[in-house]
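To start, the structure itself, in structure tokens.
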Amino acid sequence: MALPVSVLLALVMLGSCPACPLGCDPPLRQGNQETITLLSQMGRISTLLCLKDRADFRFPQILVDGDQLGKTQAAAVLHEMLQHTFHLFSTTGSRAAWDETLLDKFLLGLYQQLDDLETCLGKETKAEQSALGSEISTLAVKRYFRRISLYLKEKDYSGCAWEVVRVEIRRCLLFMNKLTGKLSQ
């Protein structure tokens with residue numbers, strides 16, 4: 001099934017500019033709460049039925065200790081997580097697993113958060129993006145999402161596999177709420 005035009009447009013528009021100037025206060029927290037709610041509503045299968053499919057995706061410890069991340073690192077990690085989440089749920093396999101209306105709303109919410117974050121971005125922080133901490137953090141995020149993608153592939157994109165991933169991404173979105181607070185400090 002073809003992706004809706006709005007999703008394709010959002011995919012094309014995704015940039016790679018993950019740092020916010022110091023005074024930036026993106027309106028991400030409210031958008032994140034809405035995407036968490038939508039993701040919760042997307043559940044079709046009881047989590048209890050999928051207990052045998054549970055997996056440890058090893059959420060990056062460097063992010064769990066996120067209090068050590070500066071604003072630039074937090075923005076880079078937030079951007080990376082939003083992009084990977086958007087990409088994961090934009091796949092054809094995802095389209096088959098979820099209610100399309102809820103999925104489209106979820107994807108548009110993620111896109112809006114990316115857009116809001118990118119609105120905050122400034123060239124003055126470009127030099128800071130290459131800081132070792134940002135690179136290590138974003139690499140950890142990439143590896144985390146790679147493990148999730150491999151899991152889905154190994155499980156042949158089953159309903160329970162998607163349910164396990166939905167629960168994991170909800171956890172990820174809750175973490176993003178914490179990171180968003182760092183940007184407005």
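- The same ILVMFWY cluster, assembled from side-chain heavy atoms under 4.5 Å apart, contains both I136 and L78.
- Here the CH2 atom belonging to W98 is positioned 9.5 Å from the CZ atom belonging to F106, to the nearest 0.5 angstrom.
- Taking every heavy atom of both residues into account, S137 and V77 meet most closely at CB-CG2, 3.3 Å.
- Interatomic distance, L110 CG to F86 CZ, rounded to the nearest 0.5 Å: 7.0 Å.
- Checked by atom type and distance alone, the side chain of T85 never pairs as donor or acceptor with a backbone atom of L82 at under 3.5 Å.
- Atom OG1 in T101 sits 11.0 Å away from atom CG in L38 (nearest 0.5 Å).
- Side-chain N or O atoms of S94 include none that pairs as donor or acceptor with a backbone N or O of S90 at under 3.5 Å.
- Under the 30°/60° scheme for interplanar angles, the aromatic rings of H84 and F145 are found to lie parallel.
- In this structure, P60 and A140 approach most closely via the heavy-atom pair CG-O, 3.5 Å.
- The cluster map of Ile, Leu, Val, Met, Phe, Trp and Tyr, joined by side-chain heavy atoms under 4.5 Å apart, puts Y144 and V167 in different clusters.
- Taking both residues in full, the closest heavy atoms of I45 and C160 are given as CD1-N, 3.8 Å, listed atom of the first, atom of the second, then distance.
- Within the 4.5 Å cutoff, side-chain heavy atoms of N177 are placed close to those of I36.
- Of all heavy-atom pairs spanning Y157 and W162, the tightest one is O-CD1, 3.5 Å.
- Between the CG atom in L107 and the CZ atom in F89 there is a gap of 8.5 Å [rounded to 0.5 Å].
- Q33 contributes atom CD, which lies 9.5 Å from atom CG of L173 (distance to the nearest 0.5 angstrom).
- Closest approach of R170 and L39 over heavy atoms only: N-CD2, 3.5 Å.
- Side chain to side chain, E168 and Y151 fail the donor-acceptor criterion of an N or O pair below 3.5 Å.
- Without hydrogens or angle criteria, R147 side chain to R58 main chain gives a donor-acceptor distance under 3.5 Å.
- A distance of 12.0 Å separates CE in M176 from CZ in R171, rounded to the nearest 0.5 Å.
- Using a cutoff of 4.0 Å between basic side-chain nitrogens and carboxylate oxygens, D104 and R95 are scored as salt-bridged.
- Listed for the R166 side chain is no donor-acceptor partner under 3.5 Å among the backbone atoms of M42.
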Side chain to side chain contact (heavy atoms under 4.5 Å, CB included) between L88 and L152: does it pass, once the steps are laid out?
-> CA-CA 10 Å; L88 184 67; L152 283 168; 3.7 Å; yes

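- Salt-bridge formation is not detected for the pair E163/R44: no Lys NZ or Arg NE/NH1/NH2 atom is positioned less than 4.0 Å from an Asp or Glu carboxylate oxygen.
- No donor-acceptor contact under 3.5 angstrom links the side chains of Q83 and H87, judged on distance only.
- L139 and L150 are not part of a single hydrophobic cluster, where members link through side-chain heavy atoms under 4.5 Å apart.
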